[in-house]
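Note sheet for the following structure.
Only this structure's heavy atoms are used, side chains among them; waters, hydrogens and symmetry mates stay out. We're numbering straight along the sequence, starting at 1.
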Amino acid sequence: MTEKLSNSLQLLQTQTLNQNLIQALTILTLPTYDLESYLEKESESNPLIKITPRSDIRDREERYVSSQSSKKSDSYLSFLENTACYEKSLYDTLNEQLGFLKLDDNTRFVCKIIISSLDNTGLCPYSKDEILNTDELKKFIPFYDKALDIVKDLEPLGCGSSGPFEAMAYQAKNLLKDGKISEQTFDCVSKLLNDQYFSIINENISKTTLRALDISEDNYLKSVDVIKTLSPYPGFGYTNEQTKYIIPELSIKNNNGTLSINTTNSLPFDVTLDEEYINLLKSDECDKKTKAYIRENKKKAENIIASLAERENTLLALGKTLAIKQYDYFTKGKEFIRSLTLKDVADEINRDESTISRIASSKYIDTDYGIIPVKALFSHRATTSSSGEDISRDRIKYLIKDIIDKRKKDGLKKLSDEKISALLNEQGINISRRTVNKYRSEIERSEV
């Protein structure tokens, strides 16, 4: 009887704890522009969340920077690898990938219908029958399941899922397929990703509960680490069909060789607990049912406030690491960008690589060169200089572009790829003619 009572009490907290973890992941991922709307919506449904306008924030529209004008103010970004994706909607991103797949016409058609049915989180709130709801569309039902699997497999993984748990489970399945997690860990993750068991995710889980679930403590801890890397809303971070506006979450500025790193704290309001409701908990005039309602919403509000603080801490840790790793970029010039991977930063600030990936895909930094996406500071190593220094591919692109632009400015004829390769080799950068041709083509495409 005692065990049944324990299980019952655990299930009563399922929805709250479930929502807490999803909220924490969401708040970390969202750029400021979307976070404002998210918090405003939460405050409408939770009376314990108090939003107070800040007097030190400029007018809402003045804080927004058009991604198009930002691009014009910093021509360097025009040829940095992958920066173009920041101006694409989730719809365009998924359809672009779809265009590279060899599919029959019927399956491709259903894929496009599913993509057009996604909400702004990347999830699909409609069933098969609701999507294919006309006599003309019903004939495509046999192609639906295959099409849905194809959409889920596009980047970002899990789009088209019916809910956060399904999206996270699909991402975990891909980790298993890629050999990044074991079968045992995947089984444990799958077991936890549902309303019944998700609430047990905490640091003080009892051994009795683990035995009941037939999960070892070691495997449980590994599974929790995996779950923290999964995205419940894979579509967050993408723009919509309208003009995208961005607000930098970080500021890294150079002052005579000393870098100042700050979070911009650019939300136009403060988020706190409403003290009027807190005081009601102490009042004898408040009945038990009302007090229970206030306590429940107080926990939800406290989780949101704690998640905002964790978001701030993570951003600051990220900014400090980027300032150290890319010191030459900020102090000497953009052409000195160094090779840097997501894993490098993740290891430095003790966060998961996928967490850094989510931040990098949706956050911006205010620099002396203008507002740039965090992802612009990540660049894979292309080669090693004669002195043993790792040279990033973006630095090589910059050097190639610089050579091309100077020749064009002086009215001289274009150099061959072989000649550019030789000029770079003279600078101690060993790069083949073939690689020069590849980077040169990428630069020219970005300028069209």
task = Before giving the answer on side chain to side chain contact (heavy atoms under 4.5 Å, CB included), spell out for Thr314 and Leu28 the whole-Å C-alpha distance, their side-chain angles and the decisive distance to 0.1 Å.
result = CA-CA 8 Å; Thr314 301; Leu28 178 65; 4.1 Å; yes
Which atoms form the tightest heavy-atom contact between [X] and [Y], and what is the distance?
X      : Y      : answer
Ala301 : Ile49  : CB-CG1, 3.7 Å
Ala317 : Ile349 : O-CG2, 3.5 Å
Thr229 : Val226 : OG1-O, 2.6 Å
Arg108 : Leu103 : NH2-N, 3.5 Å
Ala147 : Val110 : CB-CG1, 3.6 Å
Gly235 : Cys159 : N-SG, 4.5 Å

message = I'd like to know whether Leu318 forms a side chain to side chain contact (heavy atoms under 4.5 Å, CB included) with Val345, so could you lay out the CA-CA distance, the side-chain angles of the two residues, the decisive distance to 0.1 Å, and finally the verdict.
response = CA-CA 7 Å; Leu318 172 66; Val345 175; 3.6 Å; yes
Answer yes when [X] and [Y] have at least one side-chain N-carboxylate O distance shorter than 4.0 Å, and no when they do not.
X      : Y      : value
Lys325 : Glu348 : yes
Lys152 : Glu166 : yes
Asp405 : Lys409 : no
Arg351 : Glu310 : yes

inquiry  = What verdict does the salt bridge (charged side-chain N to carboxylate O under 4.0 Å, His left out) test give for Lys128 and Asp145, after you've listed the backbone C-alpha separation in whole Å, the side-chain angles of each residue and the deciding distance to 0.1 Å?
reply    = CA-CA 9 Å; Lys128 180 194 304 184; Asp145 291 340; 3.5 Å; yes
Taking [X] for the side chain and [Y] for the main chain, is one N or O donor matched with an acceptor at less than 3.5 Å?
X      : Y      : result
Arg311 : Ile27  : yes
Ser307 : Asn303 : yes
Asn46  : Glu42  : no
Glu312 : Leu308 : no
Asp366 : Pro248 : no
Tyr126 : Ser162 : no
Asn255 : Thr258 : no
Asp328 : Lys332 : no

Just wondering, do [Y] and [X] contact through their side chains at under 4.5 Å, heavy atoms?
X      : Y      : value
Leu377 : Ile372 : yes
Leu98  : Lys112 : yes
Ser231 : Met168 : no
Lys50  : Ser43  : no
Pro234 : Thr121 : no
Leu322 : Ile261 : no
Phe378 : Ile356 : yes
Lys146 : Ile150 : yes

inquiry  = Checking Ile371 against Tyr364 for the side chain to side chain contact (heavy atoms under 4.5 Å, CB included) test, could you report, in this order, the C-alpha distance in whole Å, the side-chain angles of both residues, the deciding distance, and whether it holds?
reply    = CA-CA 7 Å; Ile371 295 175; Tyr364 290 78; 3.9 Å; yes
Report, as yes or no, whether the 6.0 Å neighbourhood of atom [atom1] on [X] holds more than 12 heavy atoms from other residues, nucleotides or ligands.
X      : atom1 : answer
Tyr170 : OH    : yes
Asp287 : CG    : yes
Phe140 : CZ    : yes
Glu130 : CD    : yes
Lys253 : NZ    : yes
Lys291 : NZ    : yes

key: Donor-acceptor pair between Thr264 and Glu249 side chains, under 3.5 angstrom   =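 No, no side-chain donor-acceptor pair sits under 3.5 Å.
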ask   = Hey, are Thr341 and Asp344 close enough side-chain-wise for a donor-acceptor pair under 3.5 Å?
value =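 Yes, a side-chain donor-acceptor pair sits under 3.5 Å.
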Hey, what do you get for [atom1] ([X]) to [atom2] ([Y]), rounding to the nearest 0.5 Å?
X      : Y      : atom1 : atom2 : value
Glu40  : Leu35  : CD    : CG    : 9.5 Å
Lys180 : Thr185 : NZ    : OG1   : 14.5 Å
Leu94  : Ser116 : CG    : OG    : 11.0 Å

Given Leu230, Leu157, Val189, the one that forms side-chain contact (heavy atoms from CB on, under 4.5 Å) with Leu175 =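 That would be Leu230; it is the only one of Leu230, Leu157, Val189 passing the side-chain contact (heavy atoms from CB on, under 4.5 Å) with Leu175.
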ask   = Would Phe186 and Lys173 satisfy side chain to side chain contact (heavy atoms under 4.5 Å, CB included), going step by step from the backbone distance to the final call?
value = CA-CA 7 Å; Phe186 172 73; Lys173 185 177 180 181; 3.9 Å; yes
task = Look at the rings of Tyr369 and Tyr329 and say which category their plane angle falls in: under 30° parallel, 30 to 60° tilted, over 60° perpendicular.
result =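 Tyr369 vs Tyr329 ring planes: perpendicular.
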